[in-house]
Amino acid sequence: MVESTESESRKLLGRLREAMAGENPGQARLDKITHLIADSIGTEVCSVYLFRDDDTLELCATEGLNVESVHQTRMRVGEGLVGRVAKFGKVVNTPDAPNAKGFRYMPETGEERFSSFLGIPIQRLGEMLGVLVVQSKEAREFSADAVYALEVVAMVIAEMTELGAFVGEGAALSPLHQQPVLLPGTAAQEGAAEGHVWLHEPRVVVTNPIADDPERELVRLNEAVEQLRVGVDKMLEISQNGDKEQLQVLEAYRMFANSKGWMRRMEEDISRGLSAEAAVEKEQSQARARMSQVQDSYLRERLSDLDDLSNRLLRILTGQGAETGAELPDDPILVARNIGPAELLEYGRNLKGIILEEGSVGSHAAIVARALAIPLVVNTKRITNEALNGDHIMVDGEQGVVHLRPDDSVVSAFRDKIAMLAQAQERYVSIRDKPAVTLDGQKIDLVMNAGLMADLPSLEGSGAEGVGLFRTELQFLVRNQMPKRQELVELYKRVLDAAHGKRVVFRTLDIGSDKVLPYMKPNDEPNPALGWRAIRVGLDKPGVMRMQLQALMRAANGRPLTVMFPFVAQAEEFRAAREEVNKTLERERILGHVLPETLEIGAMLETPSLAFAPQKFFDEVDFLSIGGNDLKQFFFAADRENERVRKRYDTLNVSFLSFIEQIVGRCETSGTPLSFCGEDAGRPIEAACLAAMGMRTLSMRPASIGPVKSLLTRIDLNDLRSVISESRNQGDQSVRTAVMRYLREI
Ligand code: PEP
Ligand code: MG
């Protein structure tokens with residue numbers, strides 16, 4: 001076999017490029033490629049297997065194996081040596097293939113005549129596209145040099161695949177990024193929307209993987225890396241006094257940016273004929289493949305730092321990236337790996353839908369999406385790899401699925417669904433001004449959650465009887481600097497004006513956990529959900545809290561005012577906060593401002609501890625509101641942002657419902673008004689069960705009021721309560737099945 005020197009590699013890539021440049025159809029190109037590789041490497045066989053669907057590989061071209069087996073021979077991922085390469089994304093190199101672990105005999109190919117086997121993954125940025133195989137009769141292990149040369153070739157094939165080089169008439173495979181795809185995810189905000197993909201972080205497209213002039217490419221790479229290093233040093237300088245974690249990341253960036261190994265590998269890729277950007281991407285692909293194998297979270301983070309750095313380098317080299325100058329398409333549907341609440345608020349209501357590859361139903365980004373009433377699907381695997389900017393896309397926030405590049409039948413069925421949902425909303429309008437009274441005569445107060453000025457018209461439109469939770473932090477999150485007191489006064493005044501005397505519960509600033517203000521130094525905390533957040537920040541650094549209380553009092557300007565403190569874990573915290581209110585009130589009086597007509601001060605019950613507070617606390621507090629999102633996460637010790645654990649625990653789990661019942665009981669004893677303002681209040685079945693447990697005020701996003709009211713008016717709480725008790729007595733873990741059975745019969 002001819003040993004593959006750098007100049008051999010370059011020559012091969014040059015020939016590959018010529019093969020690509022012709023007018024040949026996709027299949028002919030791929031045939032030519034296998035021929036060229038076998039010829040250049042000096043093996044009898046060269047084959048390319050590409051993915052036909054998620055777990056089937058198909059022999060798409062071969063030099064040396066039986067040609068009849070092309071497009072006939074298929075294997076599953078993990079099956080045979082080829083399947084193993086695809087499964088683990090790792091090279092298999094063996095002198096004695098028929099006796100190697102996992103070998104599968106495929107008589108139609110005639111491959112049993114060949115002893116040596118070298119399989120190389122064809123992958124692009126962590127996405128497995130296929131396997132490149134060379135085989136020879138002579139029993140020998142391929143040299144490291146040959147492996148390297150073929151990795152470079154595999155990289156070029158991956159880029160060509162991405163660019164659609166093997167598709168079209170006489171196609172070797174179905175085109176990428178052109179087929180309709182249905183991607184399952186998790187519904188996080190209902191509604192259905194049709195629009196066009198807008199990638200939050202557009203991917204870089206490498207259009208020239210092969211380069212003729214390695215010298216020039218080396219200069220380009222070195223210049224880009226230099227620019228990258230300067231950029232990282234600058235970032236480090238700026239954050240010298242900043243957050244420790246951020247510094248660690250930047251230090252890791254610097255380490256990689258100066259890493260000799262990384263540079264050497266990319267230089268070698270270039271000397272073998274790759275362009276500078278293709279060399280960066282080859283290293284990035286391999287790092288991503290490693291990332292999927294590594295269990296250690298620290299190492300994974302470092303690999304992801306390297307991934308980030310590679311992206312920066314690619315943007316420098318190609319001039320592509322976030323600032324591509326592209327314009328938001330019509331009806332934009334945002335596609336992102338993940339997104340924070342502040343970034344999402346920046347897009348605001350421009351978006352028709354949101355699809356996240358990761359994300360979670362319980363995150364604050366999801367809450368923002370709900371506040372904006374934008375359909376959201378989270379946990380949508382592969383979406384950022386599959387979708388291209390501008391692709392036609394449909395989001396089904398009811399079923400939690402995404403139709404990317406849908407075909408005509410899906411489009412028309414989906415449009416029917418959108419029309420049906422709109423009709424359902426219209427039906428709710430007819431009950432808008434009716435009270436939510438159950439068949440047994442219980443009146444349930446339905447109030448709404450808000451946080452954005454844009455929510456206010458919903459107070460009229462939804463039939464809400466007031467605002468049960470005004471999340472004041474959203475106004476802090478949308479800005480890039482701390483709002484001034486007078487700005488807050490104006491804002492709260494507008495909220496109260498829009499409420500026309502209906503009660504508005506202002507929750508004081510609830511920051512920390514995943515709500516990080518862009519202009520506040522983030523804290524280096526191992527577990528932010530259990531960390532310095534909400535009232536804990538307010539009491540330790542009371543400046544902002546005082547300013548907010550003052551702004552609220554001035555906005556009320558003689559009207560009634562209701563204030564609620566978030567995340568109170570023990571009575572003392574509430575007392576200290578109330579003390580702040582009293583001091584502020586006194587100061588306002590001295591300054592001659594008009595004081596609120598009445599002042600109600602409540603607390604959010606978001607940690608189980610508060611449910612067991614001394615009776616005195618229940619007597620003191622003006623009202624309580626259960627923050628079910630946080631309460632549930634702490635009750636089950638299951639992170640609300642972690643889909644894997646969040647989904648394990650049903651809100652209708654008997655332990656949780658019994659806990660709610662107990663809280664209701666304590667509040668009844670002390671006569672403390674109680675409401676529930678977590679997301680579950682807006683889910684009709686959950687809302688009905690909460691009402692059956694004794695909750696009489698439910699606060700939810702405006703769009704849920706219609707569906708919740710519609711169900712409540714059709715049920716008898718005594719009956720539902722009996723169903724729940726019976727299910728509980730039978731030892732069910734969740735009462736959902738029994739409740740669903742009952743609801744189907746009403
Ligand atoms: C809750 O925890 O249920 C709640 C309403 O507060 P947030 O979701 O803003 O944390
Ligand atoms: Mg909360």
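The first residue in the sequence is number 1, and the count goes up from there.
For Arg427, there are no salt bridge (charged side-chain N to carboxylate O under 4.0 Å, His left out) partners two or more places apart in sequence or in a different chain. In this view, Glu597 satisfies the salt bridge (charged side-chain N to carboxylate O under 4.0 Å, His left out) rule with no residue, not counting sequence neighbours. Not counting sequence neighbours, Asp331 has no partner by the salt bridge (charged side-chain N to carboxylate O under 4.0 Å, His left out) test. For Asp639, the salt bridge (charged side-chain N to carboxylate O under 4.0 Å, His left out) criterion is met by no residue, not counting sequence neighbours.
Checking each of Phe617, Phe618, Phe623 against Phe574 for a ring pair (Phe, Tyr, Trp, His ring centres under 6.0 Å) leaves exactly one that passes, namely Phe617.
Lys381 and Glu357 are not joined by a salt bridge, as no carboxylate oxygen comes within less than 4.0 angstrom of a charged side-chain nitrogen. A salt bridge does not link Lys352 to Glu194: none of the charged nitrogens lies less than 4.0 Å from a carboxylate oxygen. A salt bridge between Glu473 and Arg507 is present, with a side-chain N of the basic residue lying under 4.0 Å from a carboxylate O of the acidic one. Salt bridge present: Asp630 and Arg533 bring a charged side-chain N and a carboxylate O closer than 4.0 Å. Taking a cutoff of 4.0 Å between a charged side-chain nitrogen and a carboxylate oxygen, Glu398 and Lys417 do not qualify as a salt bridge. The pair Arg589-Glu586 counts as a salt bridge, with a side-chain nitrogen and a carboxylate oxygen less than 4.0 angstrom apart.
Among pairs with a residue in residues 649-664, those fulfilling salt bridge (Lys or Arg N to Asp or Glu O under 4.0 Å) read Asp650-Arg736, Glu661-Arg721, Glu661-Arg728, at least two apart in sequence or across chains.
A donor and an acceptor atom, one from each side chain of Ser675 and Ser699, are nowhere located under 3.5 Å apart. With 3.5 Å as the limit, one finds no donor-acceptor pair spanning the side chains of Arg666 and Thr669. Glu726 and Gln730 share no donor-acceptor pair across their side chains, judged by distance under 3.5 Å alone.
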Query - salt bridge (Lys or Arg N to Asp or Glu O under 4.0 Å) between Lys502 and Glu465, intermediate numbers included - result: CA-CA 7 Å; Lys502 287 179 179 166; Glu465 296 176 65; over 6 Å; no

With a cut-off of 3.5 Å and sequence neighbours excluded, list every side-chain donor-acceptor pair involving residues 563-573.
from	atom 1	to	atom 2	distance (Å)
Glu572	OE2	Arg575	NH1	3.0
Glu573	OE1	Ala569	N	2.8
Glu573	OE1	Gln570	N	3.3

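Taken from OG1 in Thr651 to NZ in Lys632, the straight-line distance is 3.0 Å, to the nearest 0.5 Å.
Taking the ring axis of Tyr492 as reference, the NZ or CZ atom of Arg559 does not stay both within 45° of it and closer than 6.0 Å to the ring centre.
Residues Phe656 and Tyr649 place their aromatic rings such that the two centres sit no closer than 6.0 Å.
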